[in-house]
Each structure stands twice: as structure tokens, then as C-alpha cells.
Amino acid sequence: MTSTVDSAMRTFDVVSPLDGEVVASHPVADAREVAEAVRAAREAAPWWAGLGFAERARRLDAWRGVIARGARELAGLIHREMGKPHSDAMLEIAMALEHLAWAAKNAERVLGPRSVPSSLLTINQAASLEYRPLGVVGVIGPWNYPVFTPLGSLSFALAAGNTVVFKPSEYTPGVGLWLRDAFRQANGDRPVLQVVTGDGSTGEALCRAEVGKIGFTGSTATGKKVMAACAETLTPVLMECGGKDALLVDADADLDAAAEAAVWGGLSNAGQTCLGVERVYAHQEIYQPFLDRVVALAGGVRAGDQIGPVTMPGQLLVIARHIADALAKGGRAVLGGPSAVQGRFVQPTVLVDVPEDSTAITEETFGPTLAVSRVRDMDEAVARANASRYGLGASVFSRRNGEAIAARIRSGAVSVNSFVAYASIPSLPLGGVGDSGFGRVHGPDGLKEFTYARAMSRQRFPSPLPLTTFRRSPPVDAVVRTLVRYLHGRH
Ligand code: NDP
């Protein structure tokens, strides 16, 4: 176990997957402690909302500055807690800060009050709209990108005027606490951003604490439990769940670029990426030269060097099971294979001829494995990509038809001739369809996700056509009948 929970002592150890050493011990917050954090956050919410967009932006920028100045230390903590290389941790922080900056800068433009047109029947009304904070937002985060992923909810919820109670993964609680401390350093001790550490029971307690919304990022299986718990109090949920992303390579693709993207997309972070490439569909005309490039590149990547260990011990079994299932059903390993699972490290594995009903194709593997399949044409590639119950992201490589192929893929995002670029463009939303979840982080949609739309109408002058009164006269009814015919009856 990377983490051991001793519920009698109500603490748990974080054990580094790098060397098995205990990084730190943290409390397991129970339902009472979670409720207390939510109560404090609820009290702080009117103050934080009342600061207004400009002052909140200033404070979020100050937080960003503290994170940026401490980035080396934070990257070291990510490395220690979940095992990814230091430089990858730094890249993750850099991407997360881009989104934090965007949320602070754009919240007022996206959410602030604005006038909207009224209609012919309501000509006497001035109409306006604004997006108001929900109060307290509960954020439940995973360990694989312990800064980038939760900040996608935290930054946007805070910029929208909510206070936040954050439950980090039990594998990366130190990163969560570091982010909270950085926030306090920039903004003082008011409970605007609090962290509750613990295991699944702590997350479950947060779901039952009657917050304004739960922003959940994690596996689809846990997402269903979160929804069930939230249903009891009609707490709305944002679901950022797992994926089984495909990369499609057309006959006219730049094969070097496509192979590079497949290998980085499949192997980086030891394959523990929600948007990671797990399936590749390559056109038969370029299949072999493309596969040769993939194998050559992947063969140069070593777990323990460019990629870290597998963070969750239990995932090693899933990876081994998927490889075994692929081989048992007629697939072949052209790189790696069953022997690739070596203690906490998994060496790169490239599988070919894997049938579509193999778990290596149907389930999230979350390891440094790629299943590369030969397809007749891009129609077949699109059909096979879309056959998954997941729909998070996808990549398409084609010189001429990239956008046309991308348009046919059922997923929350597609990148053409690159891997995952959409996730680092701050103005674009991120999220999935199907088993990958619903709702969006990042961009304008990510800000609106942590608000409710508030409509307002103000009567500017008495209506020439008084409609909502028992004194409505037969002539007014006649005008309404004429208007209905005129406005809608001609269609
Ligand atoms: P999990 O689903 O195991 O856990 C996610 C979070 O939920 C953790 O904080 C976990 O706590 C908590 N949790 C566990 N049980 C409950 C419960 N019953 N009620 C409330 N909260 C609970 O996911 P992982 O942490 O293993 O993360 C990997 C998964 O996340 C992958 O499926 C990946 O695809 C997905 N992911 C999706 C992203 C997206 O943007 N769509 C981005 C990043 C990851 P604890 O750790 O203490 O058990």
C-alpha cells in the first residue's frame, strides 16, 4: 500500500512510490470535521463574494505569485508523493498557473452583470443576467495531476466568488496542504480555501455536507458513488472522470509527429493520465512505418528514468491483467509485455492485433501501454474510436483532413496534429461525455460551472398590453391572438 490508514489513530501515512519511505502522516477528517470546515467556509463566503471580481483577481494573482516562487519545492513534493519526474511536475505547475491567471482575469467578463434584450410582449421590461456564486464548493481531487487537476476547479470556483473545501487524494494530501498554505500566505487566514485530508470516507462526508456543488475529478466508479451520495441532498455535481482516449493516424499524416505524440501521450506520467493515449488507430498504408517509429521511440523510454513508478499499487494488477487479456485474445507485444511489470515500475509496452473486446481496449489501463491497431481507412478509425463508453479526449493526425475527421469523434475535446493541446489553452473548456463525465472545467464554461444564473427583469413603464391581470380585457386578448398568429403562425 502506498497509503495506510489507521482509523483508530485517525491518521494515515503517505508512502512514496519511489522508495517506500513515509513522506508524512496526516489526519483522516471525519464527518464532524468536514462539517466544521464547511461551516467555516459558509461563514467566509459572503465576505469573499463581497470583495468583488477585481479584488478577488488581485488576491488570486497574489496566490499565483506564491505558487510560482515556490514551484521548485512544490514540484519536489509532487515527485515525492506520487512519483512523477521533477521536470514533469514543473510542467504540470506551469500549465495550472496559466488557468489560474485566466480565471482571475476573465471572471468578471464572463460572470458579471449584463443587459440582455427583452421581447415584443415584454417590451416594457429591462432584462439583465448575472452568474452568482454557489456559496461553498467541495472539490474532490485525484493524485495523478495533483496540482493541475484540482486547480481546474479551485481557481475557477474561487474566481467566481465561492469559498472552497478541498479533499485531495490520500496519495497526495501534502500537495493539497501546500496549495492551501500558499493561499494563506497570499491572503491571510480566513477560511476561504480549506483542505480536509483523509480517505474515501472523508470525500463521502464532503458529499453529504450540503455544499453548493461538488467538483469531482477521479475514476468513473468513484464518480458514481459521489453522485449517489450527493443525490441525497440534491447537491449538484461536476464529474471529471476517466478516459480511454484514441489517437488516429491518417495515411497523409506526419508520421514522426504522430509517433512522438502517441509515445508521449501514452507513456508520460507512466500512462497515468486521464487524457492519455491508450488506443491508436493507424491507416493500413502507413501502419508499419508508423509502428516502427513508435516502437523505436518507446524503446528509448525507461521507467525509473523518463517516467516514474506506478503510484497506486493496485493499478499494477490492472495493467498486468490488461496486457495478459490482450495476449490471451490473440494480441502481440512488440515492446514490453508481461515482463514489463517490474516491482513498482512498468516498462513501456506496445501491443498490436488486440481485439476490440479486450480489456486493453475497453477499460482504462492507466499504465504506460499503447494498443496500436491497423485500420482500413479513417471511417473505421472513427467508428472504433467512438465505440468506447468513454469520451474524454482524442487526437487526429492528418495533413489534409484533420478537422473533418475530428468533427466525427464523440469526445469532449480533440486535438489535430498534436497531443492534448486543448488542455493547455486557458479559454477552452475541458470535460467529457459518456463515462468520462459531464460539466466542464477551464474557460468560460468552467467559471459558469461554479455559479447559478440569476435573471432579473425591471419594469421600465406600464405595459401597453396588460397581460398578467384578471382585469385583462377582450381587446387585449384579441391582440394576443393576432400576435400569436403573426409571430409564430407563419412558420
Ligand atoms: P479515485 O476515483 O480513486 O479517487 C478520486 C478522489 O475521490 C480521491 O480524492 C478519493 O479519495 C476520493 N474518493 C474515493 N472514494 C470516495 C467516495 N466514496 N466519496 C467521495 N470521494 C471519494 O481516482 P484516482 O485518485 O485514482 O484518480 C485517477 C482517476 O481520475 C482516473 O480514472 C483518471 O482518468 C481520473 N482523472 C480524470 C481527469 C479528468 O479531467 N477527467 C483528470 C485526472 C484524473 P482517496 O484517494 O483518499 O481514496
Side-chain angles (χ1 to χ4, degrees), residues 1-41 66-67 70 73-84 89 92-93 96 136-151 153-154 163-185 189 191-209 211 214-219 222 226 272 308-315 344:
M1 285 287 288
T2 300
S3 298
T4 52
V5 178
D6 180 343
S7 30
M9 290 181 63
R10 301 181 32 70
T11 62
F12 64 105
D13 291 339
V14 177
V15 178
S16 176
L18 295 165
D19 52 18
E21 302 235 320
V22 174
V23 181
S25 194
H26 298 277
V28 181
D30 63 14
R32 195 185 50 77
E33 288 156 321
V34 170
E36 175 53 27
V38 171
R39 189 201 56 74
V66 176
I67 298 172
E73 182 185 292
L74 180 57
L77 189 53
I78 297 172
H79 172 62
R80 198 92 202 94
E81 284 199 321
M82 61 72 65
K84 76 174 63 171
E92 176 185 343
I93 296 166
V136 183
V137 167
V139 173
I140 299 175
W143 47 266
N144 59 337
Y145 288 87
V147 170
F148 180 78
T149 295
L151 273 188
S153 293
L154 297 177
T163 53
V164 172
V165 177
F166 171 35
K167 162 29 193 122
S169 164
E170 69 189 81
Y171 293 95
T172 52
V175 172
L177 291 165
W178 194 100
L179 291 170
R180 179 207 61 188
D181 291 347
F183 189 87
R184 282 191 182 162
Q185 198 179 318
D189 280 346
V192 173
L193 170 59
Q194 295 173 85
V195 169
V196 286
T197 57
D199 57 8
S201 68
T202 306
E204 194 177 337
L206 188 53
C207 295
R208 294 209 157 87
V211 293
I214 289 285
F216 171 80
T217 310
S219 63
T222 307
V226 165
Q272 304 166 119
V310 166
T311 308
M312 288 197 303
Q315 201 64 27
R344 291 302 293 270

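Because only heavy atoms are used, hydrogens play no part in the values below, and waters and symmetry mates are left out as well, while side chains stay in.
With hydrogens and angles ignored, the 3.5 Å screen pairs no side-chain donor or acceptor of Glu81 with any backbone N or O of Val23. Using modelled atom types, one side-chain atom of Thr202 and one backbone atom of Ala29 make a donor-acceptor pair closer than 3.5 Å. Looking only at distances, a side-chain donor or acceptor of Thr197 sits under 3.5 Å from a matching main-chain atom of Pro27. Side-chain atoms of Arg10 come within 3.5 Å of backbone atoms of Val28 as a donor-acceptor pair (strictly under, hydrogens ignored). Not one N or O on the side chain of Gln315 forms a donor-acceptor pair closer than 3.5 Å with the backbone of Val310.
A cation-pi arrangement is not found for Lys167 relative to Phe216, the charged atom failing to lie both closer than 6.0 Å to the ring centre and inside a 45° cone about the ring normal.
Between Leu74 and Ile93 there is a side-chain heavy-atom pair separated by less than 4.5 Å. Contact of the Thr172 side chain with the Thr311 side chain is not registered, since no non-hydrogen atoms from C-beta on lie closer than 4.5 Å. Between Tyr171 and Asn144, every side-chain heavy-atom pair lies at or beyond the 4.5 Å cut-off. Looking only at side-chain heavy atoms (C-beta outward), Val38 and Leu206 come within less than 4.5 Å of each other.
The two atoms that bring Gln272 and Met312 nearest to each other are OE1-N, 4.4 Å, heavy atoms only. Minimum heavy-atom separation, Leu77 to Gly174: CD2-O, 3.4 Å. Nearest approach of Pro168 to Pro173, heavy atoms of both residues: CG-CA, 3.8 Å. Heavy-atom minimum distance, Val195 versus Gly176: CG2-O, 3.5 Å. Across every non-hydrogen atom of Gly83 and Leu18, the tightest pair is O-CD2, 3.8 Å. For the residue pair Val15 and Gly20, the shortest heavy atom distance occurs at CG1-O, 3.3 Å.
Partners of Phe148 under the ring pair (Phe, Tyr, Trp, His ring centres under 6.0 Å) rule, at least two apart in sequence or in another chain, are His99, His442. Every residue two or more places apart in sequence or in another chain that forms a salt bridge (charged side-chain N to carboxylate O under 4.0 Å, His left out) with Asp19 is listed here: Arg80.
Taking CZ of Arg180 as the start and CG of Leu193 as the end, the distance is 8.0 Å to the nearest 0.5 Å. Interatomic distance, Leu177 CG to Phe166 CZ, rounded to the nearest 0.5 Å: 9.0 Å. In this structure, CD in Glu36 is found 8.0 Å from CD in Gln194, a value given to the nearest 0.5 Å.
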Show, in sequence, the C-alpha distance, side-chain angles and deciding distance for Val164 and Ser153, and conclude whether the side chain to side chain contact (heavy atoms under 4.5 Å, CB included) test is met. CA-CA 9 Å; Val164 172; Ser153 293; over 6 Å; no
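Between Arg208 and Glu204, at least one side-chain nitrogen of the basic residue sits less than 4.0 Å from a carboxylate oxygen of the acidic one, meeting the salt-bridge criterion.
Under the 30°/60° scheme for interplanar angles, the aromatic rings of Phe12 and His26 are found to be tilted.
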